[in-house]
Trainee: 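Take a look at the following structure, please.
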Amino acid sequence: SIISVACLEFCSFASYNSILSKMTVSTQDRPNDLYSSPYLVDYYDIVAPTSQSVDDASFYWKTYQDLKASRPSTPDDPFVIMDVGTGTGRVLHGLERNATEVNADFSNTEVLGVDNAQHMLDKAKRITTGPLKGHVSWINGSALDLEAVMRERVHLKVDLLIFSIGSISHLSEYGQPETFLNQVSKVLRPGTGRAYVSIYDGSLLHKKEDIAFHQPQGVTEIQSSMFPHIVYRESNHRGDLEGNIKYVKFDLEAVNNEDQTILEKNNISMKMRQWEEDELVSLSSKTGVTFVERIRGAHETFYVFNTTA
């Protein structure tokens, strides 16, 4: 069951094999995302782009330093970073590594990692061991309701909001990108606050490059990074583009490589919005944010917004 799988995250590896022997395959009513079990979270972290492969950790670190230097912060009015769609904290842990390299800390900084997948947040919290610890809160919340995320922090405004690595493509339903940008305008610090929204080159229409997710042919096995003796078996990849929506589907099994027991079966189905070059800028004009600039990265474009309200 999902509950049985979830307990693996917190059990010692010494008892791992005895737990596996009692588990049964869960195939009924499985979610079709990549976030709803510890196995899926582990798989996602293996195949999704890393801070090293997209080189955005150093970009966000410099952005944080520059913005923090421009506004004095105090314990009562800290500099606030919000990472929307944080997942397991890839971007924030990238900031943490940069801070460690220069012996910096996060004094007078409050960090919010926001995601709507609790298994992702559980892992993010568990692997936070450096200078972020004590400064970061991992919050189950929606990109479409950032006001709710800040409800217990109504006295604060966000100085640096990050929506990284093309996460906005997951806002694929009509009106969702505009709703998100309007929510940004509600929580961003007027004047000095900045929101950085990334669109991945692979999410641009009429572009052949697609590096957001690898899509191998046939059956592929990937070794777990978290669970001994577990491999993830992908198969039956298929995809289609309808208008500006990309559909990606594949089957994913978590398999005990010692006896080939299938521990979890998932039919993954992802729906991601594709973008015209200046579409986000055009949409933003109908919301409460103001477009400031675009910055080209190696494989993505950062769109920068502020608000004056």
Side-chain angles (χ1 to χ4, degrees), residues 6 31 33-36 40-41 44 60 64 67 73 75-93 95 106 108-126 128 132-198 270-273 280 283-284 286-290 303-309:
D33 57 43
L34 283 173
Y35 326 112
S36 297
L40 291 173
V41 170
Y44 179 90
Y60 287 123
Y64 163 59
L67 287 175
S73 55
D76 293 330
D77 187 18
F79 187 96
V80 178
I81 302 172
M82 177 185 284
D83 181 27
V84 182
T86 193
T88 57
R90 181 190 66 82
V91 168
L92 297 182
H93 291 129
L95 294 180
F106 290 92
N108 296 337
T109 298
E110 182 163 345
V111 183
L112 311 175
V114 180
D115 204 282
N116 61 2
Q118 189 59 47
H119 285 295
M120 289 280 198
L121 297 170
D122 291 342
K123 181 177 180 181
K125 183 176 181 180
R126 191 178 67 252
T128 304
L132 262 184
K133 199 166 187 177
H135 295 276
V136 63
S137 300
W138 304 104
I139 303 170
N140 194 316
S142 170
L144 302 177
D145 194 2
L146 298 179
E147 286 180 291
V149 172
M150 298 297 289
R151 196 156 288 151
E152 296 180 2
R153 300 169 175 81
V154 291
H155 61 294
L156 298 178
K157 287 292 186 180
V158 177
D159 294 281
L160 170 58
L161 187 144
I162 298 168
F163 206 21
S164 73
I165 209 165
S167 296
I168 196 170
S169 286
H170 290 282
L171 303 183
S172 58
E173 300 297 332
Y174 177 80
Q176 285 185 336
E178 295 95 322
T179 298
F180 164 70
L181 290 173
N182 272 320
Q183 284 293 297
V184 170
S185 73
K186 304 291 186 183
V187 302
L188 201 63
R189 185 180 297 274
T192 59
R194 293 291 185 272
Y196 286 75
V197 181
S198 160
M270 296 184 293
K271 180 181 176 183
M272 294 178 287
R273 182 178 181 134
L280 187 61
L283 290 179
S284 71
K286 307 168 188 175
T287 70
V289 298
T290 300
Y303 292 84
V304 186
F305 301 95
N306 70 359
T307 181
T308 57

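Residue indices begin at 1 and follow the sequence shown.
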Trainee: Taking side chain as C-beta onward, heavy atoms only, is S164 less than 4.5 Å from R90?
Mentor: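 In contact.
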Trainee: Can you confirm whether N306 sits close enough to T290 that some side-chain heavy atom of one is under 4.5 Å from a side-chain heavy atom of the other?
Mentor: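 Result yes, sub-4.5 Å side-chain heavy-atom pair found.
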Trainee: Could you state the interatomic distance from OG1 (T192) to NZ (K157), rounded to the nearest 0.5 Å?
Mentor: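 Going from the OG1 atom of T192 to the NZ atom of K157 covers 11.5 Å.
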Trainee: Has the side chain of Q183 got a donor or acceptor atom that lies under 3.5 Å from a matching backbone atom of E147?
Mentor: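 Yes, because the side chain of Q183 sits within donor-acceptor range (under 3.5 Å) of the backbone of E147.
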Trainee: Between atom OG of S185 and atom CG of L161, what is the distance when rounded to the nearest 0.5 Å?
Mentor: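 Result: 11.0 Å between the selected atoms.
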Trainee: Is any side-chain heavy atom of M150 closer than 4.5 Å to one of L112?
Mentor: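 The answer is yes, as the side chains (C-beta and beyond) meet within the 4.5 Å cut-off.
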Trainee: With distance as the sole test, does T88 use its side chain to make a donor-acceptor pair with the main-chain N or O of A124 at under 3.5 Å?
Mentor: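 No, because the side chain of T88 does not come within donor-acceptor range (under 3.5 Å) of the backbone of A124.
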Trainee: On a heavy-atom basis, which atom in Y60 and which in S198 lie closest, and how many Å separate them?
Mentor: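 Looking at all heavy atoms of both residues, the shortest contact is OH-CB, 4.4 Å.
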Trainee: Taking all atoms of both residues into account, what is the closest heavy-atom pair of F305 and L188, and its distance?
Mentor: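 Shortest heavy-atom separation between F305 and L188 comes out as O-CD2, 3.9 Å.
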Trainee: Kindly indicate whether the side chain of Y64, heavy atoms from C-beta on, has any atom under 4.5 Å from the side chain of T109.
Mentor: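 Result yes, sub-4.5 Å side-chain heavy-atom pair found.
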Trainee: How far does CD of Q176 sit from OG of S142, to the nearest 0.5 angstrom?
Mentor: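 Atom-to-atom, Q176:CD and S142:OG are 8.0 Å apart.
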Trainee: Once rounded to the nearest 0.5 Å, what's the spacing between atom NE2 of H119 and atom CG of N140?
Mentor: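 CG of N140 is found 11.0 Å from NE2 of H119.
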Trainee: Give the minimum heavy-atom separation between V84 and A143, together with the two atoms involved.
Mentor: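 Taking V84 first and A143 second, the nearest heavy atoms are CG1-CB, 3.6 Å.
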Trainee: For G175, does its backbone N or O pair with a side-chain atom of T179 as donor and acceptor, under 3.5 Å?
Mentor: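 Present.
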Trainee: Hey, what do you get for NZ (K271) to OG (S169), rounding to the nearest 0.5 Å?
Mentor: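 K271 atom NZ to S169 atom OG measures 13.0 Å (nearest 0.5 Å).
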Trainee: Taking it one step at a time, do D122 and Q118 satisfy side chain to side chain donor-acceptor pair (under 3.5 Å)?
Mentor: CA-CA 6 Å; D122 291 342; Q118 189 59 47; 2.9 Å; yes
Trainee: Shortest non-hydrogen contact from L160 to Y196?
Mentor: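 Of all heavy-atom pairs spanning L160 and Y196, the closest is CD1-CD1, 3.6 Å.
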Trainee: At what distance, to the nearest 0.5 angstrom, does CZ of F79 lie from NE2 of H135?
Mentor: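 So the CZ of F79 and the NE2 of H135 are separated by 14.0 Å.
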Trainee: A side-chain contact here means heavy atoms from C-beta on lying under 4.5 Å apart; do L171 and L144 qualify?
Mentor: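 Yes, close enough: below the 4.5 Å cut-off.
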Trainee: Short question: side chain of S137, backbone of I139 - any donor-acceptor pair under 3.5 Å?
Mentor: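 No; judged by distance alone, with no hydrogens or angles, the pair does not exist.
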Trainee: Check each of I81, V111, D83 against L95 using the side-chain contact (heavy atoms from CB on, under 4.5 Å) test, and report the only one that passes.
Mentor: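 Filter result, single survivor: I81.
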Trainee: Between T86 and V114, is the side-chain contact (heavy atoms from CB on, under 4.5 Å) condition met? List the steps.
Mentor: CA-CA 6 Å; T86 193; V114 180; 5.6 Å; no
Trainee: Is there a side-chain contact between L146 and K186, using heavy atoms and a 4.5 Å cut-off?
Mentor: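 Of all side-chain heavy-atom pairs linking K186 with L146, none is under 4.5 Å.
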Trainee: With distance as the sole criterion, is a donor-acceptor pair present between the side chains of H93 and T128 under 3.5 Å?
Mentor: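 Looking only at side-chain atoms, T128 and H93 do form a donor-acceptor pair, the distance falling under 3.5 Å.
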Trainee: Describe, in one word, how the ring planes of H170 and Y35 are oriented to each other, choosing from parallel (under 30°), tilted (30 to 60°) and perpendicular (over 60°).
Mentor: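 Answer is perpendicular, since the angle exceeds 60°.
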Trainee: Work out which heavy atom in V149 is nearest to a heavy atom in R153; give both atom names and the distance.
Mentor: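 Taking V149 first and R153 second, the nearest heavy atoms are O-NH1, 3.8 Å.
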Trainee: What closest approach, in Å, do V197 and L280 show between heavy atoms, and which atom pair accounts for it?
Mentor: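 So the two residues come closest at CG1-CD2, 3.9 Å.
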Trainee: Does G87 offer a backbone N or O that forms a donor-acceptor pair with the side chain of D115 under 3.5 Å?
Mentor: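 Yes, D115 side chain to G87 backbone: donor-acceptor pair under 3.5 Å.
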